[in-house]
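Only one structure is covered here, and it is reproduced in the block below.
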Protein chains: 2
Amino acid sequence: MSQIVRPTFLNLPEDKQARIIEAALTEFADKGYPQASLNTIVARSGIAKGSLYQYFTDKTGIFLYIFDFAISVVRRLLVQVKESTQEEDFFTRLEKSLLAGVAFIKEHPKIYGIYLKILFDQQAPQRQELLQAVRRFAADYFHSLLRQGRARGELRQDLPLTTTTFVLDALLDRFLQAASVPAFDVSLGLDQAGEEELLRRVQELMDIIRHGLAAGKKYEP
Amino acid sequence: MSQIVRPTFLNLPEDKQARIIEAALTEFADKGYPQASLNTIVARSGIAKGSLYQYFTDKTGIFLYIFDFAISVVRRLLVQVKESTQEEDFFTRLEKSLLAGVAFIKEHPKIYGIYLKILFDQQAPQRQELLQAVRRFAADYFHSLLRQGRARGELRQDLPLTTTTFVLDALLDRFLQAASVPAFDVSLGLDQAGEEELLRRVQELMDIIRHGLAAGKKYEP
DNA sequence: TCTCTATGTGACCAGTTGGTCATATCAAAT
DNA sequence: ATTTGATATGACCAACTGGTCACATAGAGA
């Protein structure tokens, strides 16, 4: 980080820092890394171009600082959800996690936007590392939920944990995308669903995760 | 389309057309729409900048033409898989579809790349329409599989079809992404998996789709 | 008041972009 | 040999990019 932010920036009055962070976050979330314009950031935060280079080393530096900021916000949420649902059963925890995700995105659309952008931007700096950090975080989360659930006998004992982690990660991640990227969601129409419809979809999803699709005799342990 | 390609392009010798399509496909798949450089396309296909504008109206025109070309290739595959598995049971069909997808991406990485790029490129022209077309295509496919499977009694009779479609779309799509975008795949390591490991993962995935996660008594119709 | 350091500034730079256009090339028809 | 219509070309343009730098400003300590 010390290679990225200059002390000058940290000495700045907090509201000025906030203005710059906000402007940069917006721009990166809107356009992605390579298309984001420093001129726009500078104009929106009301500072001079030169000043930007007194705060950060270069465009990459700005981006990494912003991403780091975003990550820290997400991390706080996940830890909190995990702890506050410690006592509940597996499926309730899963459901609450998903709903917490939906609420988070509604509250911090730009943070989610920057994540989506980086997802397929080959040119975002350190993309590989940044993405793996995020997904690993999610994977660890699910894995831990699964282990506890299995230990309590709420889940099939023979579940392959890594594949199951993959399934959960895929389903919840995609559900969030569907709820916030209309183009993504052909079937459910989540982007303009009301609270109650969203809840119904979540429950249908949980039911499928529980019982699967097959008719007839179920798995016997 | 007539607004997009000029007749001049279609009059060109086929190998010249192919060279240009190839160069454009590569560039768009590599960089995405806004970052793709016409200069690069021109250089790689060995034609003059001016010529490009005798073939297409503008950058958007080139992109839409290429995308259209890509879509037609995908469409052919899906139709073929659907027909050739007509007689099999639901889960076998699903499994074969997924494996066909993996094979397709291996054979046409650029076509898949262009799809991934457009996925989150807010600035790709007509992005909304293009994406919806693709996803709708997939959704229709799964929906049709599901209806047949349910009619044959292979699936729970009370399955909510749209949510189930969503589940299948999410899982298979993500599986394909994991198999081709390493950063995306923390848990399974599919990108460097051998044939046999990949097959095992597919079967584990199918098992989870069949039976779900829950222990104990299964759903009774 | 003068000095010194930290901070602020915007004209400026080279490089790249998508797009244009006057001109050149060429094949067929007359 | 000449005309004609389609096709090919690359120098050129305005707009923008990330990044620089000589200079202005301000505030604290002397």
Side-chain angles (χ1 to χ4, degrees), chain A residues 2-21 23-24 26-28 30-67 117 121-126, chain B residues 2-21 23-24 26-28 30-67 117 121-126:
Chain A
S2 50
Q3 312 283 22
I4 286 172
V5 216
R6 298 229 157 90
T8 309
F9 179 72
L10 302 171
N11 291 340
L12 251 38
E14 276 197 25
D15 62 311
K16 195 168 185 177
Q17 284 188 37
R19 247 169 47 224
I20 296 171
I21 291 182
T26 304
E27 180 67 0
F28 282 119
D30 270 15
K31 313 246 191 84
Y33 176 79
Q35 281 290 300
S37 160
L38 299 189
N39 292 328
T40 304
I41 294 178
V42 151
R44 272 214 274 259
S45 54
I47 64 173
K49 185 89 153 282
S51 298
L52 208 51
Y53 283 84
Q54 300 231 355
Y55 305 150
F56 305 94
T57 59
D58 53 9
K59 192 183 184 182
T60 298
I62 304 173
F63 175 74
L64 291 179
Y65 181 78
I66 294 296
F67 194 85
K117 277 294 165 3
D121 239 336
Q122 224 73 35
Q123 311 183 49
Q126 301 184 36
Chain B
S2 51
Q3 312 283 19
I4 286 171
V5 217
R6 297 230 158 89
T8 308
F9 180 72
L10 302 172
N11 291 340
L12 250 40
E14 275 197 27
D15 62 309
K16 194 167 184 179
Q17 283 188 37
R19 248 169 48 225
I20 297 171
I21 291 183
T26 304
E27 179 68 2
F28 282 119
D30 269 15
K31 314 249 190 82
Y33 176 78
Q35 282 289 300
S37 159
L38 299 190
N39 293 327
T40 304
I41 294 178
V42 152
R44 273 214 275 257
S45 53
I47 63 171
K49 186 88 154 281
S51 299
L52 208 51
Y53 284 85
Q54 300 229 354
Y55 305 150
F56 305 94
T57 59
D58 53 9
K59 191 182 185 183
T60 297
I62 304 172
F63 175 74
L64 291 180
Y65 182 79
I66 294 296
F67 194 86
K117 276 294 165 3
D121 239 337
Q122 223 73 36
Q123 310 183 52
Q126 303 183 36

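Between B/Glu27 atom CD and C/dT16 atom P there is a gap of 14 Å when expressed in whole angstrom units. For the pair B/Tyr53 OH and C/dA22 P, the interatomic distance rounds to 17 Å; values are reported in whole Å. Spacing between atom CD1 of B/Ile41 and atom P of C/dT17 amounts to 11 Å, rounded to whole angstrom units. Rounding to whole angstrom units, CZ of residue B/Phe56 and P of C/dT20 are separated by 16 Å. Atom CG in B/Leu38 sits roughly 16 Å away from atom C1' in D/dT9 (whole-Å rounding). Atom-to-atom, CD of B/Gln17 to P of D/dA8 comes out at 11 Å; the value is rounded to the nearest Å. If you take CD of A/Gln35 and P of D/dA15, they are 18 Å apart, rounded to a whole angstrom. Distance CD1 (A/Ile62) to C1' (D/dT17): 13 Å, rounded to an integer number of Å.
Between B/Ala24 and B/Ile41, the shortest heavy-atom contact is CA-CD1, 3.9 Å. Shortest non-hydrogen contact noted between B/Leu12 and B/Gln17 is O-NE2, 3.1 Å. Residues A/Ile47 and A/Arg19 approach most closely at CG2-NH2, 4.1 Å, considering heavy atoms. Here the closest non-hydrogen pair linking B/Leu64 and B/Gln126 is CD1-NE2, 3.2 Å.
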Quiz item: Taking protein heavy atoms under 4.0 Å as touching, what does nucleotides 5-10 of chain C look like 5' to 3' if B marks base contact, S marks sugar-phosphate-only contact and - marks none?
Solution: --BBBB
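Ring geometry for A/Phe28 versus A/Tyr33: interplanar angle under 30°, hence parallel rather than tilted (30 to 60°).
Phosphate contact (OP1/OP2 of D/dT17, side-chain N/O of A/Asn39, threshold under 4.0 Å): present.
Note: B/Tyr55 and B/Tyr65 fail the aromatic proximity criterion, with ring centroids not under 6.0 Å apart.
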